[in-house]
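Before any comments, here is the structure.
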Amino acid sequence: MISTRVDVVLPCLNEAQALPWILERMPAGYRAIVVDNGSTDGSAALARHLGAHVVHERRRGFGAAAHAGLLAATAPIVAFCDADASMDPRDLPLVVDPITADEADLVLGRRRPTTRNAWPAHARVANTYLSWRLRRITGVNIHDLGPMRAARRENVLALDLHDRRSGYPLEMFLGAAAANWRIREVDTGYAPRVGRSKVTGTARGTLTAIQDMSALLRADRVDRNVSVDRSGARS
């Protein structure tokens, strides 16, 4: 029997079409934690039947589901991945291995589209702009706030993340940068999702994500200014 060394959090809202493909590709030693966020297509029952650990999160929102999975995880390393088959779980070692080797504290998968229609133009433009802002704010050489990522579970818990919507991945990154974590980016494949998109696959979803993340960036800027003022330095 192979022991679990990595828990993989999969926020899930009506992903029954994609789950079989996702779960059969989990690497050995990686346990899938499917966090059902109110699915009506039988996703939870299917995931359980396929051997995943299923958690139910009633509060809607990507961050709510992701954090519920983090709290349910027990392995020393936790990874996050979308459950829509846009990313191949067989790529998870790319973000996990640098953590295991103590070469990084947070590893992000930089999405590399495998087909022309994998990443809608509006989402790609928004991500490029966000990455540019984050490089300026934090000094971290980031090009994609990718959903596939990995870190040590206890470290992520210590960040005390509060966002429960689309800003959760950004809050994790900002917290990690503020804590001087070693942040690394690696290339991972990105394919067209299976089923209907709830976030960046639609213009409305992208706008919601931009609003959530903009609010976090404004709050982070205020926090940084307050810290400077308290230190006695000039703002």
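Since the model is a prediction, treat every value here as computed from it, not as a measurement.
Scanning for side-chain contact (heavy atoms from CB on, under 4.5 Å) contacts around Leu71 gives His67, Leu157, with sequence neighbours left out. For Ala151, the side-chain contact (heavy atoms from CB on, under 4.5 Å) test picks out Leu106, Val156, Trp181, with sequence neighbours left out. Shown here are the side-chain contact (heavy atoms from CB on, under 4.5 Å) partners of Ala104, two or more places apart in sequence or in another chain: Pro98, Ile99, Val107, Arg184. Among residues two or more places apart in sequence or in another chain, the salt bridge (charged side-chain N to carboxylate O under 4.0 Å, His left out) test is passed with Asp82 by none. With sequence neighbours left out, the side-chain contact (heavy atoms from CB on, under 4.5 Å) criterion links Thr115 to Asn117, Ala118, Pro192.
To the nearest 0.5 Å, atoms CG (Asn127) and CG (Leu134) are separated by 9.0 Å. Rounding to the nearest 0.5 angstrom, the gap separating the CG atom in Asp7 from the CG atom in Leu70 is 9.5 Å. For the atom pair Ser131 OG and His143 NE2, the distance stands at 8.0 Å (nearest 0.5 Å).
Residues Pro11 and Phe80 are not in side-chain contact: their nearest non-hydrogen atoms beyond the backbone lie 4.5 Å or more apart. Looking only at side-chain heavy atoms (C-beta outward), Arg135 and Val140 stay at 4.5 Å or farther from each other. Leu92 is listed as a side-chain neighbour of Met148, based on a closest heavy-atom distance under 4.5 Å. At least one side-chain heavy atom of Leu19 sits less than 4.5 Å from a side-chain heavy atom of Ser43. Residues Ser39 and Cys12 are in side-chain contact: their nearest non-hydrogen atoms beyond the backbone lie under 4.5 Å apart.
Closest approach of Val9 to Ala66, counting heavy atoms only: CG1-O, 3.8 Å.
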Handout entry: Criterion side-chain hydrogen bond (donor to acceptor under 3.5 Å, both in side chains) on His162 and Glu171, from CA distance to verdict
Key = CA-CA 8 Å; His162 293 285; Glu171 186 183 11; 5.5 Å; no
Handout entry: Test log, rule side-chain contact (heavy atoms from CB on, under 4.5 Å), inputs Asp144 and Trp119
Key = CA-CA 12 Å; Asp144 180 18; Trp119 203 348; 3.9 Å; yes
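Not a single donor-acceptor pair under 3.5 Å links the side chain of Arg60 to the backbone N or O of Ala65. With hydrogens and angles disregarded, no donor-acceptor distance shorter than 3.5 Å links the side chain of Asp84 to the backbone of Val194.
Every pair passing side chain to side chain donor-acceptor pair (under 3.5 Å) that includes a residue from residues 87-99 is listed here, sequence neighbours excluded: Asp88-Arg90.
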